Amino acid sequence: MAKAPFTTEQQSVRVLKVGERVRHILSELLARGEVHDDVVSAANISVTEVRMTPDLRHATAYIKPLLGAGEDEVVHALRQNTAFLQREVAKRLGLKFAPKLRFRKDESFAEADRIEALLRDPKVVRDLGEEEEE
């Protein structure tokens, strides 16, 4: 009897699990200094998130160097070493197809700072104060 296909919920959970596994593998490779590139070796890089496509064939890794210094150079260096990183991820992941990796700067911290600044705006504080009084 054939195995029933994944439900939508099971598929989305699987996508999240695989993305988290890829994030751990990339973090481990970068922390151990296994990427032989001067820019990558010199920077402490955090892999903040990995988003997988539903078919698990593409992975977008969001990275943030320590203190955000030299983000563009680090992303460029990681893109130059994509083949090595894809090979290592494929070996350690054990899926039928190895995901193609893309690297992007993680701009969520900058966005959070922007929202925080908006919330501290005197007009917004005043409006929020009026809501609390009601």
Side-chain angles (χ1 to χ4, degrees):
M1 188 161 146
K3 200 172 176 184
F6 288 119
T7 64
T8 306
E9 184 178 317
Q10 289 171 327
Q11 181 66 21
S12 64
V13 169
R14 183 168 188 247
V15 169
L16 292 172
K17 284 182 178 181
V18 172
E20 189 63 15
R21 182 76 178 115
V22 171
R23 187 182 75 78
H24 280 279
I25 292 168
L26 288 172
S27 295
E28 185 179 305
L29 288 168
L30 294 170
R32 290 185 177 181
E34 293 185 34
V35 180
H36 302 293
D37 185 287
D38 294 337
V39 175
V40 175
S41 299
N44 286 329
I45 303 168
S46 295
V47 181
T48 57
E49 181 182 7
V50 173
R51 291 187 189 162
M52 303 292 298
T53 57
D55 63 359
L56 302 177
R57 297 221 179 189
H58 297 278
T60 303
Y62 293 90
I63 60 104
K64 187 79 172 170
L66 188 63
L67 303 175
E71 282 184 332
D72 292 327
E73 294 83 16
V74 170
V75 170
H76 182 71
L78 287 171
R79 286 178 181 162
Q80 287 180 327
N81 291 287
T82 299
F84 168 76
L85 291 166
Q86 281 180 184
R87 220 175 17 257
E88 289 299 313
V89 167
K91 260 196 273 184
R92 297 170 191 214
L93 200 56
L95 290 177
K96 185 175 182 180
F97 298 102
K100 301 245 184 279
L101 296 176
R102 289 182 294 214
F103 294 97
R104 303 258 192 280
K105 293 187 292 188
D106 186 354
E107 297 182 359
S108 62
F109 296 105
E111 184 66 15
D113 289 342
R114 187 186 72 77
I115 292 170
E116 189 68 34
L118 287 172
L119 291 174
R120 284 193 303 259
D121 185 296
K123 294 176 188 173
V124 174
V125 171
R126 182 191 68 217
D127 291 344
L128 289 176
E130 289 174 7
E131 285 180 6
E132 289 175 2
E133 291 173 7
E134 294 175 3

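All values below were derived from every heavy atom in this structure, side-chain atoms included, with hydrogens, water molecules and symmetry-related copies excluded. Note that the coordinates shown come from a computational prediction; the quantities given were computed from them, not determined experimentally.
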*With His58 via side-chain hydrogen bond (donor to acceptor under 3.5 Å, both in side chains) - residues at least two apart*: none
*Determine whether Val39 and Leu30 fall in the same hydrophobic cluster, where Ile, Leu, Val, Met, Phe, Trp and Tyr are linked whenever their side-chain heavy atoms lie under 4.5 Å apart.*
yes
_Using the rule side-chain contact (heavy atoms from CB on, under 4.5 Å), only one of Val18, Val50, Thr53, Leu93 pairs with Pro99; which is it?_
Leu93
*asked:* Applying the side-chain contact (heavy atoms from CB on, under 4.5 Å) criterion to Lys64, which one of Asn44, Val47, Ile45, Thr48 satisfies it?
replied: Thr48
*Contacts of type side-chain hydrogen bond (donor to acceptor under 3.5 Å, both in side chains), residue Thr60, not counting sequence neighbours*: Arg102
*Can you run down the salt bridge (Lys or Arg N to Asp or Glu O under 4.0 Å) pairs that involve residues 42-51, sequence neighbours left out, and say none if there aren't any?*
Glu49-Arg51
*For Ala59 and Met52, work out which heavy atoms get closest and say how close.*
CB-SD, 3.4 Å
*asked:* If I take atom CG from residue Leu78 and atom CG from residue Leu26, how far apart are they, to the nearest 0.5 angstrom?
replied: 8.5 Å
*Partners passing side chain to side chain contact (heavy atoms under 4.5 Å, CB included) against Asp121 (at least two apart in sequence or in another chain)*: Lys123, Val124
*How would you list, by chain and number, every residue that makes a salt bridge (charged side-chain N to carboxylate O under 4.0 Å, His left out) with Arg21, sequence neighbours excluded?*
none
*Do Glu20 and Lys17 meet the salt-bridge criterion of a basic N to acidic O distance under 4.0 Å?*
no
*Go through the steps to decide whether Arg104 and Glu71 satisfy the test side-chain contact (heavy atoms from CB on, under 4.5 Å), and finish with yes or no.*
CA-CA 9 Å; Arg104 303 258 192 280; Glu71 282 184 332; over 6 Å; no
Listing, residues 83-90 side-chain donor-acceptor contacts under 3.5 Å, not counting sequence neighbours, or none:
| unit_1 | atom_1 | unit_2 | atom_2 | d |
| --- | --- | --- | --- | --- |
| Gln86 | OE1 | Leu101 | N | 2.8 |
| Glu88 | OE1 | Arg92 | NH2 | 3.4 |
| Glu88 | OE2 | Lys91 | NZ | 3.2 |

*Kindly check if the number of other-residue, nucleotide or ligand heavy atoms within 6.0 Å of NE2 (His24) is above 12?*
yes
*Gly33 backbone acceptor or donor facing Ser41 side chain under 3.5 Å*: no
